[in-house]
Amino acid sequence: MREYGLADGALIRRAAARLEQTRLDMAMAVLAALGRRDAVPLMSKIALGDGAAELRWQALRAILALDTRAGMVLLGNVAASDDAVLASPAKELRRSLLVQWPELEKVAQWRG
């Protein structure tokens, strides 16, 4: 479900059609806000899973916020994948991040 403003047509709010997706989305947002890096492996499974594209994208963004190295590795994997929905936006986000912060290129190569 999406709610748009009448004056300018801007997206005001978006809700998932499935309750489980909404719960996962909210849980990821809370875990990211709390800085829970221990949630990265589970979020990675969501990002690489077969769930809704919006949920997978949110998981990827949360991982980038929690663990830069893991996020850049995952972003590169998604960008190089044959994912019909997320590969292109992942390539664009990766490109944009590397233009703004070129040092991120080496972050994915870190061990640890």
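Since the model is a prediction, treat every value here as computed from it, not as a measurement.
- By the 4.5 Å heavy-atom criterion applied to side chains, Glu54 and Gln21 are counted as neighbours.
- With rounding to the nearest 0.5 angstrom, the CG atom of Leu60 is 9.0 Å from the OG atom of Ser44.
- No donor-acceptor distance shorter than 3.5 angstrom exists from the side chain of Arg94 to the backbone of Gly76, with no hydrogens or angles considered.
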Next item on the list: Take Arg56 and Asp83 through the test salt bridge (charged side-chain N to carboxylate O under 4.0 Å, His left out) and record every step on the way to the result.
Entry: CA-CA 11 Å; Arg56 294 184 295 127; Asp83 188 314; 2.5 Å; yes

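- If you chain together hydrophobic residues whose side chains sit under 4.5 Å apart, Val107 and Leu98 fall into the same group.
- A donor-acceptor pair is defined here as one N or O able to donate and one able to accept, closer than 3.5 Å; no such pair exists between the side chain of Ser96 and the backbone of Leu93.
- Residue Gln58 holds its CD atom at 10.5 Å from CD1 of Ile46, rounded to the nearest 0.5 Å.
- Here the CG atom belonging to Leu55 is positioned 10.5 Å from the CG atom belonging to Asp50, to the nearest 0.5 angstrom.
- In terms of heavy-atom proximity, Ala62 sits nearest to Ala32 at CB-CB, 4.2 Å.
- Rounded to the nearest 0.5 Å, atoms CG (Leu75) and CG (Leu64) are 5.5 Å apart.
- With values rounded to the nearest 0.5 angstrom, Glu103 atom CD is found 10.5 Å from Leu97 atom CG.
- In terms of hydrophobic clustering, with Ile, Leu, Val, Met, Phe, Trp and Tyr side chains grouped at heavy-atom distances under 4.5 Å, Leu42 and Leu48 are assigned to different clusters.
- For the pair Arg36 and Asp38, the salt-bridge criterion is met [side-chain N within less than 4.0 Å of a carboxylate O].
- With rounding to the nearest 0.5 angstrom, the CG atom of Leu31 is 14.0 Å from the CZ atom of Arg37.
- Residues Met26 and Met28 fall into different hydrophobic clusters, defined by Ile, Leu, Val, Met, Phe, Trp and Tyr side chains chained together at heavy-atom separations under 4.5 Å.
- In this structure, Ser81 and Ala87 approach most closely via the heavy-atom pair O-CB, 3.6 Å.
- When the side chains of ILVMFWY residues are joined at heavy-atom separations under 4.5 Å, either directly or via intervening members, Val85 and Ile63 end up in a single hydrophobic cluster.
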